[in-house]
Amino acid sequence: MGTCRTRRSLLFATVLIACRPSAAHDAPAPPVEATELSVDRGPSELDPLQVAITVDDLPAHGPTIDGLTRLAVHQALLAAFASHEVPQVYGFVNAQSLERAPELRAPLEAWVAAGHPLGNHTYSHPSLREIGLDDYFADIAQNEPTLDALAPGGVRTPTFRYPYLLEGMSREDTLAIRAHLDERGYRDAPVTIDFYDWAFNAAFARCTAAGNSRAVQAIEKTYMAHAMEMLAWSDAAAQALYGRRIPHVLLIHAGAINAGLIEPLLDAMEAEGVEWISLDDALADPVYAETYVHEGRNQGTLLDQKIDTEGGEHPPRHTHPRALLEAMCTESAP
Ligand SMILES: [Zn+2]
């Protein structure tokens with residue numbers, strides 16, 4: 001049995017119990033005790049919950065659906081960012097898509113025209129599980145001409161987002177990649193809120209294609225619920241790990257499901273007190289100057305990496321409905 005403490009959640013107006021599992025972080029969470037709980041800080045005493053939005057896999061994330069172009073996906077995202085006054089949303093690009101479909105330059109041009117910057121997400125979205133460092137470095141470089149060409153005045157702040165948030169399969173490789181990025185003038189764009197929206201997108205596309213509207217509704221409802229759960233988890237985990245609220249970086253993808261849900265997503269987060277900030281402002285916080293590396297694979301959000309490397313108190317982790325999503329609408333039609 002580990003140690004537990006109480007914290008009032010601004011997000012759900014409930015009391016979370018942050019427990020330290022007695023073993024590794026992925027050990028089963030200890031039972032939650034339903035007791036009368038004291039609260040040491042009220043929500044009004046907390047700093048605002050600030051979130052920078054970032055979008056990965058421009059200009060072609062995952063499967064799309066009939067009648068929805070890639071350009072329309074990006075336009076829906078950009079319209080929501082404008083109406084919610086979200087500043088500086090970095091879009092992280094895989095330029096290989098333009099080889100197969102040159103018209104996909106238009107979504108990237110729309111992104112820049114809307115005043116938002118583009119970052120490097122590698123050329124072909126390779127996995128470090130499958131390629132070596134030399135090929136990985138070449139893939140990063142291959143993405144740069146497109147980013148340079150699209151940058152206003154050819155000027156950009158080199159900013160990198162790791163595909164799969166996978167930073168290395170070993171301590172040595174992780175450090176070598178970081179050194180390489182540093183030499184090329186890149187800053188890393190870590191994530192602190194990741195609700196695996198990509199897993200919802202694939203199921204959404206399959207169920208839409210199958211005409212299964214009940215399944216689509218269930219996916220959308222679960223998407224929203226899990227997004228809000230992970231917002232709350234990341235906020236509570238950061239407070240437990242750092243002793244204060246931190247500015248967060250949210251990861252979503254340029255996918256079909258996000259085009260339809262970006263408005264309700266931003267509404268729901270604002271209803272929980274979220275204020276939108278730029279990535280520059282988020283990264284100015286000292287927590288983003290800290291990096292973590294441990295033996296073996298280094299992957300996940302900044303909070304995951306801190307927990308994996310140093311341990312520390314954090315709320316029980318949520319279970320992602322990924323396995324259920326992967327099974328939805330996969331049966332062949334009768
Ligand atoms: Zn990606």
Side-chain angles (χ1 to χ4, degrees), residues 52-64 70 73-74 76-78 89-101 104-105 107-108 111 116-131 133 135-144 146-147 150 156 158-169 173-174 177-178 180-181 186-205 223 226-227 230 234 248-259 261-262 265 279 297-305 320 322 325-326:
I53 302 176
T54 61
V55 184
D56 280 12
D57 298 4
L58 276 62
H61 169 73
T64 190
R70 300 287 186 186
V73 168
H74 291 69
L77 294 171
L78 293 168
V89 179
Y90 261 84
F92 289 95
V93 175
N94 310 116
Q96 188 183 47
S97 304
L98 303 179
E99 271 182 26
R100 298 187 295 266
L104 290 178
R105 194 177 188 84
L108 302 180
W111 200 270
H116 298 293
L118 298 173
N120 195 338
H121 194 40
T122 73
Y123 183 72
S124 66
H125 211 283
S127 171
L128 285 163
R129 295 171 183 271
E130 294 163 6
I131 68 167
L133 292 194
D135 288 342
Y136 194 74
F137 295 159
D139 209 87
I140 293 169
Q142 197 174 357
N143 214 30
E144 291 172 345
T146 301
L147 297 174
L150 287 161
R156 63 187 174 90
T159 305
F160 187 73
R161 166 67 51 75
Y162 289 88
Y164 312 103
L165 302 185
L166 176 54
E167 302 189 10
M169 295 300 292
D173 285 0
T174 300
I177 294 167
R178 289 179 189 173
H180 178 84
L181 291 170
Y186 279 96
R187 61 176 178 170
D188 179 28
V191 171
T192 61
I193 308 169
D194 178 13
F195 64 99
Y196 285 29
D197 62 317
W198 55 268
F200 293 90
N201 187 67
F204 170 78
Y223 170 109
H226 195 66
M230 289 311 298
S234 296
H248 285 274
V249 179
L250 169 69
L251 165 61
I252 59 173
H253 291 77
I257 191 170
N258 294 298
L261 293 183
I262 188 67
L265 181 68
L279 182 65
R297 182 163 50 97
N298 287 271
Q299 186 170 21
T301 68
L302 185 73
L303 305 179
D304 295 330
Q305 293 196 39
H320 193 275
R322 179 178 169 183
L325 290 165
E326 287 177 350

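Keep in mind it's a predicted model, so treat the numbers as computed, not measured. Atoms within a ligand are numbered from 1 in the order they appear, just like the ligands themselves.
No side-chain heavy atom of Leu261 sits less than 4.5 Å from a side-chain heavy atom of Phe200.
Judged by distance alone, the side chain of Asn143 and the main-chain N or O of Asn94 form no donor-acceptor pair under 3.5 Å.
Here the straight-line distance linking atom CZ of Arg187 with atom CG of Leu181 works out to 13.0 Å at 0.5 Å rounding.
Judged by distance alone, the side chains of Ser124 and Asp139 do bring a donor and an acceptor atom under 3.5 Å apart.
Taking the six-membered ring where the residue is Trp, the centroids of His125 and Tyr164 are separated by under 6.0 Å.
Within the protein, the N, O or S atoms sitting under 2.8 Å from the Zn ion (ligand 1) are Asp57 OD1, His121 NE2, His125 NE2.
Counted within 6.0 Å of CZ on Phe137, heavy atoms from surrounding residues, nucleotides or ligands total more than 12; the atom is thus considered enclosed.
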